[in-house]
Every structure is written in C-alpha cells, then in structure tokens.
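Read the structure below first, then the notes.
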Amino acid sequence: MKKWYSLIDKVYRIENLEKAYKAVRANKGAPGVDGVTVKAYGENLEERLSQLHYELKTGTYEPQPVLRVEIPKPDGSKRPLGIPTVKDRVVQQALLNILQPIFEPDFHPSSYGYRPNRSCHQAVAKAEMFINKYGLEHVVDMDLSKCFDRLDHELILKGVARKVSDGKVLKLISKFLTAGVMKDGAWEGTDLGSPQGGVISPLLTNIYLDHFDQAMKNKGIRIVRYADDILIFGKTLKCKLAN
C-alpha cells in the first residue's frame, strides 16, 4: 500500500485554500461560534486566506469549538449537529481536497454514502441486484446508532495513518476531533466522535468503517453500506461472520 509522507504543504497551498472557500461558499450553511457568515468571511478573502496559509504552515492554527444545535427527526427525537466556523470549514475542506483522492479508490465498492458520484439510488440498485441476480434473499438491516458521535479518535487516526504518514496532517485532524463543542454558551470536551456537520467528518467516518467493509469482503459476504446504514446479504438464515 502506498503511503503519503508530505501533504501539509498541499493543504495550505493558497490555490487549495481558494478552492476550499469556493466549495464552502457553494454549500452555504450557518455561522459557527464566532458568528461570521460565509459572505462576511469572503470579504477581504485574500487577506484571510493569507493568514490561514501562515497559521497552517507554522503550525499555529487552532480550530474553534463547533456550535452544537439539534434538529428534529421524523420519529420525534433530535439529531445533534456540530457547526464549525467558516474558517474551520475552509480548512476542513482543504484537507478533504487532498485526502479524499488518496482514500477514495480503495474504499469498498458497495459503500455509497458521502462519496463522489455515488448516490442512495445506486445503493438500492446494488441491493436489488444481490437479491435478484445472486439469490441472496436473506438480509440483515443494521443502523449504527449515533455513529458520528461514537467514533473512537484513536481508531480514526489509525485509519488515516494507514496511508498518511505526515504527522502535521494527523495532528491537524486530531485538533478538529478534540476542539470541543459549545452548547448553550458552555464548552464541552469531545473525547469521542467527529461532529455531524463537519466537512471532514463524512470522510473520516468512511475511513473508520472501511475496516468493517473490507472484513466482510474478505469473508466473501455481500454488503451494501450507505453511511451508517448497512445491509448484509446471505442465501440462508445462517451467515457466519466470525473467524
């Protein structure tokens, strides 16, 4: 497996930061704990990105806590979201621009969530193919409860480190994971999880869960995964997952 040893200079390159801001601007979104909007951040953009370039290059960049908000779910419960500041979203997008092409080619072919050029409709089509073409009529439907909130930081970094040996990139990811959250004006530490709402969180989740995906593949077990929703297929009711 190819390993990447020097990536941080690609992350803080001005051209990459400009590309990252454009992506953040296109996605819009609410301001974080500092109250700075996407539009306001775009004012004096050259100066802001120049400062960001300097902070990332010198290792002085520190992300702010994410703003914790809760949105209602159809079942009446609430889903917690963590909204990073626009500045932090730009940095996360800059990281994503560099890391996604490294990890994407080796992800499991039946993983569809949060991946470029892949959709929920494609996941459904793959599931139908497994049932109709391969006769895998027995299905286990799994939903990983609070997946984003329960990701183990050590295992996230271990997963990234399988391909990335740049300590500065790993340290930057660690800073995002441990920046904490602001809820009702009070700071709370984050020993677990990657905030749902963070730009880099979906990629980190796929890196984390790819270990499971590949284990199933090595056992010859057909799966379809869309983020934290997983289908496991078998011809009979007995599907040996152990060993």
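What you are looking at is a predicted structure, and each value in this text was computed from that prediction instead of being measured.
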[X] vs [Y] side-chain heavy atoms within contact, under 4.5 Å:
X: Leu52; Y: Val90; answer: yes
X: Val38; Y: Lys28; answer: no
X: Arg150; Y: Ser145; answer: yes
X: Ile207; Y: Phe107; answer: yes
X: Val91; Y: Phe176; answer: yes
X: Lys183; Y: Val69; answer: no
X: Leu209; Y: Leu144; answer: yes
X: Pro84; Y: Gln92; answer: yes

Steps toward side-chain contact (heavy atoms from CB on, under 4.5 Å) verdict (His138, Phe233): CA-CA 6 Å; His138 299 277; Phe233 298 84; over 6 Å; no
Is there a ring pair (Phe, Tyr, Trp, His ring centres under 6.0 Å) between Tyr112 and Tyr226 once you walk through the steps? CA-CA 5 Å; Tyr112 289 91; Tyr226 192 92; 7.6 Å; no
Heavy-atom count check: over 12 atoms from other residues, nucleotides or ligands less than 6.0 Å from [X] [atom1]?
X: Glu104; atom1: CD; value: yes
X: Asn218; atom1: CG; value: yes
X: Lys163; atom1: NZ; value: yes

Checking the side chain of Glu47 only, and the main-chain atoms of Asn44 only, is there a donor and an acceptor separated by less than 3.5 Å? no
When you look at Lys3 and Val164, which way does the side-chain contact (heavy atoms from CB on, under 4.5 Å) test go after all the steps? CA-CA 6 Å; Lys3 299 207 66 169; Val164 175; over 6 Å; no
Could you walk me through whether Gln214 and Asp210 pass side-chain hydrogen bond (donor to acceptor under 3.5 Å, both in side chains), step by step? CA-CA 6 Å; Gln214 300 299 337; Asp210 190 61; 3.2 Å; yes
Taking only Lys NZ, Arg NE, NH1 and NH2, and the carboxylate oxygens of Asp or Glu, determine whether Asp34 and Lys87 approach each other closer than 4.0 Å. no
Quick one: do Leu170 and Val160 satisfy side-chain contact (heavy atoms from CB on, under 4.5 Å)? Show the steps, please. CA-CA 8 Å; Leu170 296 174; Val160 177; 3.6 Å; yes
Let me see the working for Asn206 and Arg225 under side-chain hydrogen bond (donor to acceptor under 3.5 Å, both in side chains), right down to the final yes or no. CA-CA 10 Å; Asn206 274 334; Arg225 182 172 67 81; 3.0 Å; yes
Provide the full list of side chain to side chain donor-acceptor pair (under 3.5 Å) pairs with a residue in residues 11-26, sequence neighbours left out, each pair given once.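 Sorted pair list: Asn16-Asn97.
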Step by step, would you call Ile83 with Arg89 a side-chain contact (heavy atoms from CB on, under 4.5 Å)? CA-CA 9 Å; Ile83 305 175; Arg89 298 207 296 265; 3.7 Å; yes
Regarding Lys175 and Tyr61, do their side chains bring together a donor and an acceptor under 3.5 Å, going by distance alone?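 No, no side-chain donor-acceptor contact under 3.5 Å.
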